[in-house]
Amino acid sequence: MSDIEEKIIDIGHEIFKGYGIDDITAQILSILNFESNEISMEELAQRTGYSLASISLKVKNIEQFWSIKRISKPGSRKTYLYMEKNLIDAFATQIRNGFETELNIAKTKITPLIEEYKENATTQEQKTKLHTYENYLSEISIFEELIHNIYYQINMLKDKKI
């Protein structure tokens, strides 16, 4: 690997660390993000200095959120990884797999519980908690609107209308 390639991987590592993720995950994401082709988990382990088991566990935890695809090649027992390079699609996937999950769970599971809690909240402490729960749902609704606007903007960018 050239010196420039290593520096780019290091910068990517720094960028991904900015998301608040651990060191190994940031290294994996940086390598996958800047690797133009799929890469085997074995090579990823070799390049990061971590064990294959550690790489496999980390990838399992992050693959959906970060648009990482597992690829099998005929005649090979190795698992290869590829990360989506289109930043717009990758961002949309992160929203869909992260934030939309929270929205759906909150709306379908927390809303009925709040309604039930509302009927039984008698003490001041319970009413304060109820207010906190209701604020959360209110923010979820605002957040949902924001996400729909983001999707609209993403689609406009993809259609080159912006």
Side-chain angles (χ1 to χ4, degrees), residues 1-113 132-133 136-137 139-160 162:
M1 184 182 331
S2 78
D3 190 45
I4 293 173
E5 290 170 340
E6 286 183 37
K7 287 178 181 176
I8 288 173
I9 297 294
D10 289 345
I11 292 168
H13 178 253
E14 187 178 337
I15 289 168
F16 285 110
K17 288 282 290 181
Y19 285 101
I21 57 178
D22 61 84
D23 192 60
I24 182 174
T25 302
Q27 284 183 307
I28 291 167
L29 289 171
S30 181
I31 291 169
L32 291 174
N33 188 56
F34 291 110
E35 186 64 43
S36 55
N37 297 309
E38 65 273 358
I39 182 173
S40 72
M41 279 210 239
E42 287 84 354
E43 184 179 344
L44 198 53
Q46 183 181 31
R47 286 175 62 179
T48 61
Y50 290 97
S51 71
L52 183 58
S54 295
I55 297 295
S56 182
L57 182 63
K58 290 296 182 177
V59 168
K60 183 179 180 183
N61 290 331
I62 63 172
E63 65 187 317
Q64 283 188 321
F65 189 73
W66 291 95
S67 301
I68 297 170
K69 295 176 179 73
R70 289 177 184 258
I71 299 167
S72 298
K73 293 184 177 183
S76 175
R77 295 172 55 144
K78 292 182 179 182
T79 299
Y80 293 84
L81 303 170
Y82 180 79
M83 186 173 181
E84 176 64 53
K85 300 299 186 268
N86 181 319
L87 291 177
I88 294 171
D89 287 340
F91 181 64
T93 298
Q94 289 173 348
I95 292 171
R96 188 171 31 262
N97 292 340
F99 304 122
E100 272 193 17
T101 300
E102 179 180 358
L103 292 174
N104 291 334
I105 291 171
K107 288 169 52 178
T108 60
K109 294 184 177 182
I110 293 179
T111 300
L113 290 174
T132 301
Y133 302 153
Y136 173 74
L137 276 185
E139 289 175 358
I140 286 292
S141 295
I142 293 166
F143 198 57
E144 183 175 32
E145 187 177 325
L146 175 63
I147 287 175
H148 288 295
N149 287 333
I150 290 171
Y151 282 150
Y152 174 77
Q153 294 294 320
I154 287 171
N155 288 331
M156 295 292 282
L157 282 170
K158 286 173 75 172
D159 293 342
K160 306 280 190 230
I162 291 184

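All heavy atoms count here, side chains included; hydrogens, waters and symmetry mates do not.
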The criterion is side-chain contact (heavy atoms from CB on, under 4.5 Å); which residues satisfy it with [X], sequence neighbours excluded?
X      : result
Ser54  : Ile24, Tyr50, Ser51
Glu35  : Ile39, Arg47
Leu103 : Ile140, Phe143, Glu144, Ile147
Thr108 : none

> What pairs meet the salt bridge (charged side-chain N to carboxylate O under 4.0 Å, His left out) rule with one or both residues in residues 54-67, with sequence neighbours excluded?
Replying inline: Asp22-Lys58, Glu63-Arg70
> Applying salt bridge (charged side-chain N to carboxylate O under 4.0 Å, His left out), which residue pairs with at least one partner in residues 23-32 are found, sequence neighbours left out?
Replying inline: none
Tell me every residue that passes side chain to side chain donor-acceptor pair (under 3.5 Å) with [X], counting only those two or more places apart in sequence or in another chain.
X      : result
Tyr151 : Glu100
Gln64  : none
Tyr136 : Glu102

> For Lys69, what residues pass the salt bridge (Lys or Arg N to Asp or Glu O under 4.0 Å) criterion, not counting sequence neighbours?
Replying inline: Glu84
> Glu38: what forms a salt bridge (Lys or Arg N to Asp or Glu O under 4.0 Å) with it, not counting sequence neighbours?
Replying inline: Lys73
> Just wondering, more than 12 heavy atoms not from Glu14 lying within 6.0 Å of its CD?
Replying inline: no
>> For the CD1 atom on Ile4, are there more than 12 heavy atoms of other groups (residues, nucleotides or ligands in this structure) within a distance under 6.0 Å?
In response: no
> Quick one: ring-ring contact (aromatic ring centres under 6.0 Å, His included) partners of Tyr133, sequence neighbours excluded?
Replying inline: Tyr117
>> Do Tyr152 and His148 make a side-chain contact, defined as non-hydrogen atoms from C-beta onward lying under 4.5 Å apart?
In response: no
